[in-house]
Amino acid sequence: MAETREISAARRRWMLLAPALAILVFAASGPLLIVIMYSFLTPGDYGGVIWSFSTDAWFNVVAERDFFDETLSFSDAHWSIFWRSVKLSLMTTAVAFLVGFPTAYFIATRPKATRDIWMLLIIIPFWTNLLIRTFAVMEIIRNEGVVNSVMIGLGIIDEPIQLLFTEFAITLGMFYVYLPLMVLPIYASMERLDFSLVEAAYDLYASRWRVLKRVIFPLVKPGVIAGSILVFVPSLGAYVTPRVLGGGKQLMLGNLIELQFGQGRNWPLGAALSITLLAIVMIALMVYVRSAGREEVSHG
Amino acid sequence: MARSRSFDVRRQAGFPAVAITCFILLYLPIILLVVYSFNAGKSIAIWEGFSLQWYVSAWENEKVQDATIRSLIIATCASVIATSAAVMAALATTRSPKFKGYSVVFAMINQPLMIPEIVTAVALLIFFAMIKVATGYTGLWYLILAHSAFCIPFAYMPIRARLQGMDLNLEQAGADLYGTPWRVFRRITLPQLWPGVLAGAMLAFVISLDDVVITEFVKSAGQDTLPTYMLGQLRRVITPEVNAISTVLLAISVALVIAFYLLTKSGKPKQGDVQ
Amino acid sequence: MIEIQNLTKTFGTGAEAFTALSEVSVTIRQNEFFTLLGPSGCGKTTLLRTIAGFVDPTSGTMTLDGADVLASPPYVRPVNTVFQNYALFPHMTVAENIGFGLEMQDRPKAEIKQTVGEMLELVQMTPLANRATSEISGGQQQRVALARALAPRPKVLLLDEPLSALDFKLRKEMQIELKRLQSETGITFVFVTHDQEEALTMSDRIAVMNEGQILQIGGPKEIYDHPAERFVADFIGETNFLEAELVSVDGEVAETRLPSGKTISTRAASGRAGAGKVTVAVRPEHALLEPPGALIDGKLENIVYFGTDTHYHVMLDGGARFVVRRQNQPDAVEAYTIGDAVGVSFNPGVGQVLRD
Ligand SMILES: Nc1ncnc2c1ncn2[C@@H]1O[C@H](COP(=O)(O)OP(=O)(O)OP(=O)(O)O)[C@@H](O)[C@H]1O
Ligand SMILES: [Mg+2]
């Protein structure tokens with residue numbers, strides 16, 4: 001009796017899960033497997049693939065075959081794009097931390113009644129269109145934009161500085177659109193911070209800087225790690241921001257992948273690049289899960 | 001005598017300044033964008049007086065009309081589908097003790113949050129291209145399904161949170177009073193769950209409305225949504241018409257997010273409801 | 001050593017202003033175990049936090065060894081606190097917690113190591129030096145908090161109800177332990193409690209506080225036997241209050257006339273003068289139950305047996321209630337029954353005229 005009941009409960013559960021899982025398998029997870037398959041096929045002439053096995057795409061991720069003598073050499077173009085993606089993502093994460101940490105601290109030390117309002121101010125931009133926010137950044141840093149006009153008006157510069165379509169522009173844009181992702185988790189751990197520990201540290205002769213370094217920071221570290229991952233991961237796979245603010249000159253991984261499905265027309269290479277990106281992201285997530293797990297163990 | 005300034009353990013020099021700068025940075029670009037949507041001139045940098053002309057021209061632009069309607073259809077369908085699926089999934093994952101395969105299911109549901117959008121976009125491009133060749137169908141359903149998939153986790157989160165805070169005794173009381181499972185769900189669970197469902201649907205709607213990357217890769221020719229239309233426009237000479245469209249989209253998002261915030265805040269189950 | 005003069009602390013402004021400390025003056029001596037005793041909300045924590053530097057007084061002065069310390073932030077005052085909830089750093093081990101203060105003072109590594117070792121020894125925690133603070137018991141956390149505050153050898157150690165989270169038996173043990181630590185280290189302890197028994201057993205001197213004021217400062221015996229005010233007498237132990245007439249005062253000895261017409265010599269706070277109505281406090285165990293015709297007569301209303309002693313509730317002729325406590329003897333026969341006419345008396349010098 002009890003057993004049949006359990007079985008029917010299990011059946012009911014899977015029936016309830018079925019629609020969500022079906023949609024996700026069809027339009028999210030399933031296709032990922034096809035990407036893996038495609039990365040081992042031969043590119044077709046006008047996009048698409050020819051159904052014959054090849055590992056060329058994977059070679060091409062890091063190397064290039066000379067057209068004439070078929071020798072392999074390092075693909076400088078790809079490496080510089082990889083490097084730029086990692087570099088700009090790290091810079092974005094670092095700047096977001098430098099701004100996001102004090103901001104989260106500031107919000108967490110407001111009176112309880114006003115904290116929610118401050119947080120709402122952080123959350124609102126996050127839920128508004130990423131393209132629009134990128135566009136907003138583009139407007140202020142373009143040659144005729146506010147930044148340049150103000151600086152010319154103040155006589156700091158004579159000619160507009162080229163800010164748009166530079167690595168700086170991309171970093172600024174990514175910082176701008178992903179900043180809330182840094183503030184949110186840091187704030188979450190900061191809010192739980194027991195300020196009597198801070199008092200204890202002052203009582204034991206710690207200066208303000210040392211209280212920050214030795215007590216506050218270690219205690220909110222899980223939030224900082226979470227925030228860094230949340231900023232780093234989407235930065236690494238960013239597509240819209242580098243496209244709009246890099247203007248097709250400063251490519252990042254996302255743009256390189258897109259090229260393979262547009263002008264470049266090498267679908268297997270695009271597939272292999274996608275999986276490479278996915279792998280880097282998974283490694284970052286695993287590092288996070290590991291360190292978060294350890295924190296939990298050591299803090300009980 | 002006492003010091004003029006008391007010792008505040010929470011104070012850290014410079015932090016408030018950074019925070020205020022951060023808020024200004026966050027809002028200044030958006031505010032400028034909105035301001036210039038009302039510019040009388042053609043420029044998005046030189047102010048030439050107030051005018052609504054760009055809203056009028058956006059309103060009369062057939063491509064914008066077309067994209068708007070398509071965006072709304074997709075967002076509506078996707079949020080309805082995603083929310084329905086999310087309600088069922090939330091019921092399955094919160095009403096019973098942790099079951100075998102729970103972590104896999106949980107990872108599946110949240111997968112769209114973890115995997116870079118560009119990777120999913122590429123995967124869908126390849127997969128749907130195969131189906132398009134095989135079936136010849138090139139309609140909107142590809143976009144609707146793709147949007148439904150990545151909206152599911154956003155709809156799922158508030159619904160699950162709501163369910164977890166709900167009193168199981170009420171449902172048991174309903175069953176005790178001869179309610180069949182379906183009627184108990186309709187008359188007892190759903191009314192309490194409603195704020196969560198509404199919040200989830202609203203989030204899903206906003207997320208769908210704002211999507212660029214996946215739409216850009218999945219859409220067939222002539223299936224622009226508002227964001228992909230705007231992305232295309234950014235390559236050309238930009239007029240404040242883009243600002244006008246952006247402002248309208250921003251207004252919708254902000255309104256929905258504030259409604260979401262109020263809904264999840266006030267709709268929280270009362271203390272007594274929680275076991 | 002600590003000199004506090006006219007210290008006042010007002011929280012908030014305008015209609016919400018609340019005076020937590022008003023005109024507090026106290027001198028705490030070198031090496032003493034000084035206790036702040038008072039009911040909840042009377043300002044004990046506020047006073048302690050003012051000494052530590054976390055509360056900025058509205059007015060008044062405070063010196064430590066003659067130096068004005070009000071201007072210095074907590075992290076330069078040679079004063080350490082044992083926090084009520086211990087406030088142990090969860091991301092550091094027991095030893096790291098104890099060494100934290102020394103490390104912040106940039107003492108050499110070797111010295112830190114040695115002092116931490118000594119402190120661990122002192123509080124008997126050496127075997128648990130490398131444990132996480134979440135992996136030790138409440139009593140052990142208490143010891144670590146103590147060791148951490150003692151390690152930098154502060155001039156004053158502040159303890160805010162450090163024993164309140166412990167169960168009864170552990171609390172008794174820690175009371176003895178604290179006394180031992182205080183005499184071994186020779187550090188001045190300022191101890192906060194609202195437990196009168198704890199205050200009486202541990203302190204060299206006690207300051208009784210109420211509503212932001214210090215009502216009386218004195219040794220445990222003095223506070224108990226000679227409470228200066230009705231609040232002090234009532235808050236510490238049980239007391240009978242008698243209405244009386246002041247006849248004459250000579251130094252600390254006062255002649256008072258009881259309502260029964262009999263005159264008795266009592267003690268009065270020095271400086272007390274004049275005539276008029278006064279209140280005399282008498283401890284129940286200092287009074288005797290006698291046949292009628294004693295100092296005051298009345299009727300026995302109730303007898304309550306407590307094991308170690310018995311309480312006799314007497315309704316005095318004037319209408320007031322009076323409790324007499326008598327230590328129980330083995331095989332003693334109860335001489336009185338409820339409803340008997342009885343008398344109450346007490347020896348000269350036992351009654352205390354209160355400052356009204
Ligand atoms: N930061 C503050 N703002 C306003 N009022 C305060 C503040 N801190 C303390 N008070 C008030 O000052 C009064 C004294 O508080 P304090 O904490 O010193 O009491 P206490 O004697 O330590 O009580 P307890 O035994 O309950 O710990 C209380 O009425 C309290 O509400
Ligand atoms: Mg207190």
Side-chain angles (χ1 to χ4, degrees), chain A residues 97 101 104-105 108-114 185-229 287-300, chain C residues 45 48-49 51-55 72-93 96-107 112 115-116 119 130-136 141 144-154 156-160:
Chain A
F97 167 73
F101 186 89
Y105 185 90
T109 51
R110 288 312 92 196
K112 251 208 162 63
T114 55
I186 298 183
Y187 170 74
S189 31
M190 203 84 90
E191 207 199 6
R192 274 181 271 127
L193 185 69
D194 177 3
F195 270 90
S196 71
L197 296 174
V198 174
E199 254 177 34
Y202 280 125
D203 190 61
L204 294 162
Y205 316 109
S207 59
R208 294 215 183 253
W209 166 243
R210 281 177 140 178
V211 165
L212 197 62
K213 200 175 81 173
R214 288 297 308 278
V215 178
I216 298 175
F217 185 76
L219 289 173
V220 300
K221 207 165 83 188
V224 173
I225 295 174
S228 303
I229 295 284
V287 168
Y288 166 62
V289 170
R290 279 273 175 83
S291 64
R294 216 181 8 248
E295 290 291 330
E296 246 164 58
V297 169
S298 70
H299 288 191
Chain C
T45 299
L48 208 68
R49 287 168 57 81
I51 300 175
F54 292 114
V55 170
S72 36
Y75 55 86
V76 302
R77 295 192 194 188
V79 168
N80 288 149
T81 308
V82 177
F83 289 82
Q84 185 162 5
N85 64 353
Y86 313 143
L88 296 179
F89 302 122
H91 56 298
M92 298 179 196
T93 63
E96 283 167 348
N97 261 284
I98 297 176
F100 188 83
L102 300 162
E103 197 191 320
M104 291 300 116
Q105 290 180 322
D106 294 315
R107 304 271 182 87
I112 295 179
T115 312
V116 169
M119 287 298 141
N130 293 316
R131 284 271 186 94
T133 54
S134 55
E135 292 164 356
I136 56 178
Q141 289 180 4
V144 176
L146 257 171
R148 184 178 74 176
L150 285 171
R153 302 233 150 242
V156 183
L157 188 73
L158 308 174
L159 305 100
D160 192 355

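FYI, side chains are in, hydrogens and waters are out, and symmetry mates aren't considered; it's all heavy atoms of this structure. Just so we're on the same page: letters track the sequence lines, and every chain starts at 1.
With sequence neighbours excluded, the residues forming a side-chain contact (heavy atoms from CB on, under 4.5 Å) with C:Ala145 are C:Val82, C:Tyr86, C:Leu88, listed by chain and number.
The NE2 atom of C:His91 lies 4.5 Å from the CG atom of A:Leu219; values are rounded to the nearest 0.5 Å. Going from atom CZ of C:Phe54 over to atom CD of A:Glu199 covers 4.5 Å, rounded to the nearest 0.5 Å.
Taking both residues in full, the closest heavy atoms of A:Tyr205 and C:Pro152 are given as CE1-CB, 3.4 Å, listed atom of the first, atom of the second, then distance.
For residues 189-198 of chain A, a heavy-atom distance under 4.5 Å to chain C picks out A:Asp194, A:Ser196, A:Leu197, given by residue number.
Between A:Asp203 and C:Tyr75, the side chains place no donor N or O within less than 3.5 Å of an acceptor N or O (distance only, hydrogens not considered).
For the set C:Ala87, C:Pro154, C:Pro78, C:Ala149, the entry with the most heavy-atom pairs within less than 4.5 Å of chain A is C:Ala87.
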C:Glu103 vs A:Arg210, salt bridge (charged side-chain N to carboxylate O under 4.0 Å, His left out): CA-CA, chis, key distance, verdict: CA-CA 11 Å; C:Glu103 197 191 320; A:Arg210 281 177 140 178; 5.9 Å; no

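Residue contact with chain A, scored on non-hydrogen atoms closer than 4.5 Å, involves the backbone and the side chain of C:Phe89 alike. Within the 4.5 angstrom heavy-atom criterion, only side-chain atoms of C:Arg49, from C-beta onward, approach chain A.
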